[in-house]
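The basis for the numbers below is simple: all heavy atoms, side chains too, and nothing from hydrogens, waters or symmetry mates. No experiment lies behind these values; they were computed from the predicted model shown.
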Amino acid sequence: MNRINESVPQEFILLGFSDRPWLELPLFVVFLISYILTILGNLAIIVVSRLDSKLHTPMYFFLTNLSLLDLCYTTSTVPQMLVNICSIRKVISYGGCVAQLFISLALGSTECLLLAVMSFDRFVAICRPLRYSVIMHQRLCLQLAAISWVSGFSNSVLQSTLTLQMPLCGHKEVDHFFCEVPALLKLSCVDTTANEAELFFISVLFLLIPVTLILISYACIVQAVLRIQSVEGRRKAFGICGSHLIVVSLFYGTAIYMYLQPPSPASKDRGKMVSLFYGIITPMLNPLIYTLRNKDVKGAFKRLIARIFLIKK
C-alpha cells in the first residue's frame, strides 16, 4: 500500500513554458483575451439560436451543441492556466488534474463526432433538399447529439482510467499547460507501449474515421452545389459549408498532429503550441467563423439587438 500511495502525488507541477519566463506575460494576455472572446462568442450563439425562431433548425441545434462544448472545454483548462502563469508554484491538485483530464478529453472526443454529424446535416440539406425535413427530424437530431455526447464521455472514462492506473513512482512534473493523456503517459515509470497503441487506435476511431466521412460528404456537397443554377443559392451553400470546413480543418488538423504523430522529444514544444491552438484558439474562432460568414446568424443578432433596444424604450 505504501508503494502505491507514494506513486500517486498529491499535486502535479505544470511546467508549460516555465523555462522561458519572458513568454509568460504575452501568453497570459493571449489566454485571457481568447478566453473572454470564447465565452462571449459562444454564449451569444447559444442565446441567439434559442431566442430566434428562425434558427430553430437542425443546423443551429448542432451549432448550439458545438458552442456549449467549446464553452465548457475552455473553462476546464484556461482558468487554471491563467492562475499558474501568475503563480511562482505552477501546481494543480491530483483531483483537479483528474477532473481536467476527464472533462477536456470527454468534450474533445464529443466534438470529434459532433463535427461529423454537422457535416452529415449539411450533406442532407444540399444533396437531398426535398427530403431534408423528413430525414433530419427532431428525434434523429436528438439521437445523433446524444450518441456524440455519450460516446465522447465513454471514451474519456476509458482513457482516463487507463492513464491514471499507470504508476508514476513519484514523478509529478507535467511538461504541459494542462493535464492531457500524452503528457501524463510520459510521467509513467513503466513501459507505456500498450497505452500508446490503445491511444492511437482510439484516435483513429475518433479522428481519422470522422474526418474521412466529412471529406467524402463534402466531395458530394461540392458536386451538388456546382449543379445549382442560381448564383445566389450557390454562394449561400458554399458560405455555410465553407464555415464548417474551416472549423473542421482547424480542429482535426491540430488534433491529428497531437495524437497521431509518433512521440518525439524534439517536437514537445511544438506539441504544446498545437494543443493550445485546438484548446484555446479554435474555440475562440468558431463563433467568429460561423457568424461572419452566415447571413442568418448576423440577421438574428440584429433582430435580437433591435428587440433589446425596443424593450429599453
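- Rounded to the nearest 0.5 angstrom, Gln10 CD and Lys172 NZ are separated by 8.5 Å.
- The distance from atom CZ of Phe200 to atom CG of Leu205, rounded to the nearest 0.5 Å, is 10.5 Å.
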- Could you please spell out the steps behind the side chain to side chain contact (heavy atoms under 4.5 Å, CB included) verdict for Leu68 and Cys72? CA-CA 6 Å; Leu68 180 61; Cys72 296; 4.0 Å; yes
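- Going from atom SG of Cys179 over to atom CZ of Phe102 covers 14.5 Å, rounded to the nearest 0.5 Å.
- Looking at Glu111 and Tyr278, their side chains never bring a donor and an acceptor atom within 3.5 Å of each other.
- In the hydrophobic clustering of this structure, Val83 does not group with Leu25; members are Ile, Leu, Val, Met, Phe, Trp, Tyr whose side-chain heavy atoms approach within less than 4.5 Å, directly or through other members.
- Remark: the backbone N or O of Leu14 is not paired with any side-chain donor or acceptor of His176 at under 3.5 angstrom.
- Here the side chains of Leu158 and Glu198 are in contact, with some heavy-atom distance below 4.5 Å.
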- So Leu276 and Ile281, side chain to side chain contact (heavy atoms under 4.5 Å, CB included) or not? Walk me through it. CA-CA 7 Å; Leu276 289 177; Ile281 305 302; 6.0 Å; no
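- Contact annotation: the side chain of Ile45 never approaches that of Tyr60 to less than 4.5 Å [non-hydrogen atoms, C-beta and beyond].
- Residues Ile13 and Met166 are members of separate hydrophobic clusters, defined by side-chain heavy-atom contacts under 4.5 angstrom among Ile, Leu, Val, Met, Phe, Trp and Tyr.
- Hydrophobic cluster membership differs between Leu113 and Val181, with clusters built from Ile, Leu, Val, Met, Phe, Trp and Tyr side chains linked at under 4.5 angstrom.
- With no hydrogens or angles considered, a side-chain donor-acceptor pair links Tyr132 and Asp121 at under 3.5 Å.
- Side chains of Met136 and Met59 form no contact here, defined as non-hydrogen atoms less than 4.5 Å apart.
- For the pair Asn65/Trp149, a side-chain contact is recorded, criterion being any heavy-atom separation below 4.5 Å from C-beta on.
- For the pair Glu24 and Lys90, the minimum side-chain heavy-atom distance is below 4.5 Å.
- A side chain to side chain donor-acceptor pair (under 3.5 Å) with Asn155 is found for one member of Ser160, Ser203, Ser109 and no other, namely Ser109.
- When atom types are taken as modelled, the side chain of Ser151 and the backbone of Ser148 share no donor-acceptor pair closer than 3.5 angstrom.
- A pairwise comparison of heavy atoms in Tyr73 and Gly279 identifies CE2-CA, 3.4 Å as the closest pair.
- Remark: the Glu180 side chain and the Gln100 side chain contain no N/O donor-acceptor pair separated by less than 3.5 Å.
- At least one side-chain heavy atom of Val98 sits less than 4.5 Å from a side-chain heavy atom of Tyr94.
- In this structure a side-chain-to-backbone donor-acceptor pair under 3.5 Å is present from Gln80 to Val91.
- The main-chain N or O of Thr38 is found under 3.5 Å from a side-chain atom of Asn42 such that the two form a donor-acceptor pair.
- Without hydrogens or angle criteria, Thr74 side chain to Leu71 main chain gives a donor-acceptor distance under 3.5 Å.
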- Item | Verdict with supporting geometry, Asp175 and Lys186, salt bridge (charged side-chain N to carboxylate O under 4.0 Å, His left out) | CA-CA 9 Å; Asp175 194 10; Lys186 290 176 183 176; over 6 Å; no
- Task: Check the pair Phe153 / Leu107 against side chain to side chain contact (heavy atoms under 4.5 Å, CB included), numbers first and verdict last.
- Result: CA-CA 7 Å; Phe153 274 78; Leu107 297 174; 4.3 Å; yes
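- Inter-residue side-chain proximity for Pro210 and Tyr252 is flagged as met; some heavy-atom pair is nearer than 4.5 Å.
- Remark: side-chain polar atoms of Ser93 are paired, donor with acceptor, to backbone N or O of Gly96 under 3.5 angstrom.
- Under the 4.5 Å side-chain heavy-atom criterion for grouping Ile, Leu, Val, Met, Phe, Trp and Tyr, Val78 is not connected to Leu15 through any hydrophobic cluster.
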- Going through the checks in order, is the side chain to side chain contact (heavy atoms under 4.5 Å, CB included) test met by Tyr218 and Arg122? CA-CA 9 Å; Tyr218 271 96; Arg122 292 301 83 210; 4.2 Å; yes
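- Here the CG atom belonging to Leu199 is positioned 8.0 Å from the CD atom belonging to Glu196, to the nearest 0.5 angstrom.
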- Query: Would Cys220 and Cys127 count as a disulfide bond (SG atoms under 2.5 Å apart) if you check the C-alpha gap in whole Å, the side-chain angles of each, and the deciding distance to 0.1 Å?
  - Reply: CA-CA 7 Å; Cys220 298; Cys127 299; 5.7 Å; no
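- Thr212 places a side-chain N or O within donor-acceptor distance of the main-chain N or O of Leu208, the cut-off being under 3.5 Å.
- The shortest side-chain heavy-atom distance between Phe61 and Thr64 does not fall under the 4.5 Å cut-off.
- Distance check, rounded to the nearest 0.5 Å: CG of Leu66 to OG1 of Thr110 gives 11.0 Å.
- Between Asn195 and Thr163 the shortest heavy-atom distance is ND2-N, 4.5 Å.
- Remark: Asp70 CG to Leu114 CG distance equals 9.5 Å, nearest 0.5 Å.
- Heavy-atom contacts from other residues, nucleotides or ligands closer than 6.0 Å to CZ of Arg303 number more than 12.
- Residues Leu245 and Leu250 are members of one and the same hydrophobic cluster, defined by side-chain heavy-atom contacts under 4.5 angstrom among Ile, Leu, Val, Met, Phe, Trp and Tyr.
- Between the side chain of Ser34 and the backbone N or O of Phe31, no donor-acceptor pair lies under 3.5 Å.
- Remark: the backbone N or O of Ile214 is paired with a side-chain donor or acceptor of Ser217 at under 3.5 angstrom.
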